Asker: 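My questions will all concern the structure given below.
Model, not experiment: these values are computed from the prediction. Atoms within each ligand, like the ligands themselves, are counted from 1 in listed order.
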Amino acid sequence: MIKIGLLGCGNVGHIIATHAESIQVTAVFDIIPGRAETLAALCHARPYTDFDAFMQEDFSIVVEAASVDAVRIYSEAVLRSGRDIAVLSAGALADDEFREHLIEVAREMGKKIRIPSGAIVGLDNLKVGQISPPTQLLLRTTKPPASLGMTAEAPTEIFKGLAHECIKQYPKNINVAVALGLAAGRDADVELWVDPAAERNIHELFVEGDFGDIYVRVRNVPSPDNPATSYMAALSILTLLKNLENPLVVGT
Ligand SMILES: NC(=O)C1=CN([C@@H]2O[C@H](COP(=O)(O)OP(=O)(O)OC[C@H]3O[C@@H](n4cnc5c(N)ncnc54)[C@H](OP(=O)(O)O)[C@@H]3O)[C@@H](O)[C@H]2O)C=CC1
Ligand SMILES: O=C([O-])CC(=O)C(=O)O
């Protein structure tokens, strides 16, 4: 059974811990002591608020479900320790210099940086963009205003521009756009909307290329403990872990 170290004991951390059937969470880390302890008790792991002590534990992969900042701070050390890392806060990799450095470290160590599909679908075949670049790659995300900590009386566009700029302003809400761009091989265009009538986190994807065109709409149920995060994102990372050692690999 694959042993994981969980970095981040919030909403996704809890969903992982309570569904840890095909994985063993051996250690959990959070900056908030109470959170690490509560989560550790749920999955019979050991709690840490000291990163170096956490890294002494027995696991082969770190699952990051914390923040863009956490990826920036800890991911190189994870790779250099000889472990893979699964990164949910993919927005950290929007910074070209940081991403290229991290990839170089992973290459040097023979380790992997794994980005789950998270709250979106279609990353598998959007990778064809790495061979034949899309002429259009647009993500329109619509969330309830409360999930961004704001109020609105009508549908309102709060950002229009490139993913690498959007993630700087909304690091807890638009990691999907960066993951999309990493899959398709170019920065995605983003429209971020809040809509008081929205009950779900909606991601619409418009893609065109020499293959034809794609429209995908995902209407995600918000997570119980963090409405900004779609429940599917937690299921996605659980699925990535379940399949890590599966000899049958489905999807591009
Ligand atoms: N790729 C994708 O499709 C998606 C990505 N995400 C991203 O996944 C991540 C996890 O989501 P979720 O569980 O809902 O978030 P939560 O805020 O519920 O949980 C994150 C936890 O990690 C802690 N944390 C944050 N920074 C650090 C750090 N530097 N070191 C240690 N602990 C830290 C937080 O503490 P504190 O509260 O004090 O900050 C919190 O306890 C978020 O970054 C989110 O934006 C979410 C949905 C989709
Ligand atoms: O969960 C979602 O719908 C998207 C999200 O928060 C993110 O990409 O950061």
Side-chain angles (χ1 to χ4, degrees), residues 5-18 27-40 47-55 62-75 77-78 86-94 113-123 139-144 146-149 159 163 166-183 188 190 192-194 198-205 217-240:
L6 192 51
L7 200 170
C9 300
N11 162 62
V12 170
H14 273 78
I15 299 170
I16 292 174
T18 49
V28 304
F29 169 72
D30 199 287
I31 33 183
I32 308 207
R35 281 196 197 153
E37 279 155 20
T38 305
L39 194 66
Y48 291 92
T49 49
D50 179 296
F51 180 74
D52 294 334
F54 165 72
M55 291 295 287
V62 167
V63 174
E64 177 280 325
S67 63
V68 163
D69 277 351
V71 176
R72 285 188 152 279
I73 299 167
Y74 304 118
S75 50
V78 171
V87 172
L88 197 54
S89 306
L93 303 182
I113 307 157
R114 297 185 185 275
I115 313 279
S117 298
I120 203 162
V121 298
L123 294 196
L139 176 71
R140 181 181 298 144
T141 291
T142 307
K143 289 190 173 184
S147 73
L148 285 112
F159 180 92
C166 194
I167 191 72
K168 288 181 194 160
Q169 290 180 46
Y170 301 99
K172 297 182 175 181
N173 284 280
I174 205 77
N175 288 280
V176 274
V178 175
L180 197 60
L182 291 172
V190 177
L192 180 57
W193 290 73
V194 289
E199 290 175 356
R200 297 191 172 181
N201 296 330
I202 302 165
H203 300 292
E204 290 172 281
L205 185 53
R217 184 183 67 173
V218 188
R219 295 177 64 246
N220 276 326
V221 174
S223 308
D225 296 329
N226 182 357
T229 290
S230 301
Y231 184 57
M232 188 197 274
L235 296 180
S236 171
I237 203 149
L238 276 163
T239 309
L240 181 152

Asker: Got a donor-acceptor contact below 3.5 angstrom from the K143 side chain to the N173 backbone?
Answerer: yes
Asker: Ignoring hydrogens and geometry, is there a side-chain-to-backbone donor-acceptor pair from S147 to A228 under 3.5 Å?
Answerer: no
Asker: Starting from atom 19 (O) of ligand 1, find the nearest protein heavy-atom neighbour and note its residue, name and distance.
Answerer: G10 CA, 3.2 Å
Asker: So is P116 touching ligand 1 or not, going by heavy atoms under 4.0 Å?
Answerer: no
Asker: In Å, rounded to the nearest 0.5 Å, how long is the span from CD1 of I113 to CG of L182?
Answerer: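 I113 atom CD1 to L182 atom CG measures 10.0 Å (nearest 0.5 Å).
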Asker: Among all the protein's non-hydrogen atoms, which is closest to atom 24 (N) of ligand 1, and how far away is it?
Answerer: A66 CB, 3.7 Å
Asker: For atom 6 (N) of ligand 1, which candidate among I15, L7, D225, L88 provides the closest heavy atom?
Answerer: L88
Asker: Can you pull out the closest protein heavy atom to atom 17 (O) of ligand 1? Residue, atom name and distance to 0.1 Å, please.
Answerer: N226 ND2, 4.0 Å
Asker: Test your reading of the model: is there a side-chain donor-acceptor pair from E64 to the backbone of L88, 3.5 Å cut-off?
Answerer: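 Looks like yes, one N/O pair under 3.5 Å.
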Asker: I'd like to know whether ligand 1 has F51 as a neighbour, heavy-atom separation below 4.0 Å.
Answerer: no
Asker: Check whether any side-chain heavy atom of S230 lies under 4.5 Å from a side-chain heavy atom of V221, and answer yes or no.
Answerer: no
Asker: Among protein heavy atoms, which lies nearest atom 44 (C) of ligand 1, and at what distance?
Answerer: N175 ND2, 3.9 Å
Asker: Is there a protein heavy atom at a distance of less than 4.0 Å from atom 39 (O) of ligand 1?
Answerer: no
Asker: Show which atoms of ligand 1 fall inside a sub-4.0 Å distance from at least one heavy-atom site of K172.
Answerer: 45 (O)
Asker: Flag yes if more than 12 heavy atoms outside Q169 fall under 6.0 Å of its CD atom; otherwise flag no.
Answerer: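 Atom CD in Q169 is crowded, with more than 12 foreign heavy atoms closer than 6.0 Å.
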Asker: For P222, is there any backbone N or O sitting under 3.5 Å from a side-chain donor or acceptor partner on N201?
Answerer: no
Asker: Nearest to atom 18 (O) of ligand 1, what protein heavy atom do you find, and at what distance?
Answerer: N11 N, 3.0 Å
Asker: Below 4.0 angstrom from a heavy atom of V176, which ligand 1 atoms are there? Numbered from 1 as shown, please.
Answerer: 3 (O)
Asker: With a cut-off of 4.0 Å, which atoms of ligand 1 are near a heavy atom of P171?
Answerer: 45 (O)
Asker: Any heavy-atom pair between the side chains of Y48 and V28 that's under 4.5 Å?
Answerer: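 V28 does not reach Y48 side chain to side chain.
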Asker: Note the single closest protein heavy atom to atom 47 (C) of ligand 1, along with its residue, its atom name and the distance in Å.
Answerer: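 Ranking protein heavy atoms by distance from atom 47 (C) of ligand 1, first comes T229 CG2, 3.5 Å.
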Asker: Of the listed options (H14, E64, R35), which comes nearest to atom 37 (O) of ligand 1 when hydrogens are ignored and any heavy atom counts?
Answerer: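 Answer by nearest heavy atom: R35.
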Asker: Going by heavy atoms in the side chains, are T141 and I202 under 4.5 Å from each other?
Answerer: no
Asker: Give the minimum heavy-atom separation between L123 and A183, together with the two atoms involved.
Answerer: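 Looks like O-CB, 3.8 Å.
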Asker: Measuring from atom 48 (C) of ligand 1, which candidate in S67, A233, S236, G91 has the nearest non-hydrogen atom?
Answerer: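 It is A233 whose heavy atom sits nearest to atom 48 (C) of ligand 1.
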Asker: Would V12 count as being in polar contact with ligand 1, using the rule that some N or O on each side must be under 3.5 angstrom apart?
Answerer: yes
Asker: Checking a contact table here: which protein heavy atom is nearest atom 28 (C) of ligand 1, and how many Å away?
Answerer: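 Answer, as residue, atom name and distance: A70 CB, 3.7 Å.
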Asker: Answer yes or no: is there a side-chain heavy-atom contact under 4.5 Å between F159 and W193?
Answerer: no
Asker: Does the side chain of Y170 come within less than 4.5 Å of L148's, by heavy atoms?
Answerer: yes
Asker: Can you sort out which atoms of ligand 1 are near G8, meaning under 4.0 Å from one of its heavy atoms?
Answerer: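 Going through ligand 1 atom by atom, the ones under 4.0 Å from G8 are 22 (O).
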Asker: Can you tell me how far apart CD1 (I167) and NZ (K172) are? Round to the nearest 0.5 Å.
Answerer: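 One finds 11.5 Å between CD1 of I167 and NZ of K172.
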Asker: Hey, which atoms in ligand 1 end up nearer than 4.0 Å to a heavy atom of S89?
Answerer: 7 (C), 8 (O), 9 (C), 42 (C), 43 (O)
Asker: Which of the numbered atoms in ligand 1 are under 4.0 angstrom from any heavy atom belonging to F29?
Answerer: 30 (N), 31 (C)
Asker: Quick check on side chain to side chain contact (heavy atoms under 4.5 Å, CB included): which of V12, I16, V87 does V63 satisfy it with?
Answerer: I16
Asker: Tell me, do L93 and I115 make a side-chain contact under 4.5 Å, heavy atoms counted?
Answerer: yes
Asker: Are D30 and ligand 1 in contact, using a heavy-atom cut-off of under 4.0 Å?
Answerer: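 Flag set, D30 near ligand 1.
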Asker: For ligand 2, find each of its N or O atoms that sits under 3.5 Å from a protein N or O atom, and tabulate the pairs with distances to one decimal place.
Answerer:
| from | atom 1 | to | atom 2 | distance (Å) |
| --- | --- | --- | --- | --- |
| ligand 2 | 1 (O) | A228 | O | 3.4 |
| ligand 2 | 1 (O) | S230 | N | 2.7 |
| ligand 2 | 1 (O) | S230 | OG | 3.2 |
| ligand 2 | 3 (O) | H203 | NE2 | 2.7 |
| ligand 2 | 3 (O) | S230 | OG | 2.6 |
| ligand 2 | 6 (O) | K143 | NZ | 2.9 |
| ligand 2 | 6 (O) | K172 | O | 3.4 |
| ligand 2 | 6 (O) | A228 | O | 2.9 |
| ligand 2 | 8 (O) | N175 | N | 2.9 |
| ligand 2 | 8 (O) | V176 | N | 2.8 |
| ligand 2 | 9 (O) | I174 | N | 3.3 |
| ligand 2 | 9 (O) | N175 | N | 3.1 |
| ligand 2 | 9 (O) | N175 | ND2 | 2.9 |

Asker: Checking contacts here: is it the side chain or the backbone of S223 that comes within 4.0 Å of ligand 1, counting heavy atoms only? Could be both or neither.
Answerer: neither
Asker: Start with the C-alpha gap between I174 and L139, add the side-chain angles, then the distance that decides, and say whether side-chain contact (heavy atoms from CB on, under 4.5 Å) holds.
Answerer: CA-CA 10 Å; I174 205 77; L139 176 71; 4.2 Å; yes
Asker: State whether a side-chain donor-acceptor pair under 3.5 Å links S89 with N175.
Answerer: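 The criterion, which ignores hydrogens and geometry beyond distance, is not satisfied for N175 and S89.
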Asker: Taking only non-hydrogen atoms of A65, do any sit less than 4.0 angstrom from ligand 1?
Answerer: yes
Asker: Does any N or O of ligand 1 fall below 3.5 Å from an N or O anywhere on A119, backbone included?
Answerer: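 For ligand 1, there is an N or O atom that lies under 3.5 Å from one belonging to A119.
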Asker: Going from CD on E37 to CZ on R35, what distance comes out if it is rounded to the nearest 0.5 angstrom?
Answerer: 12.5 Å
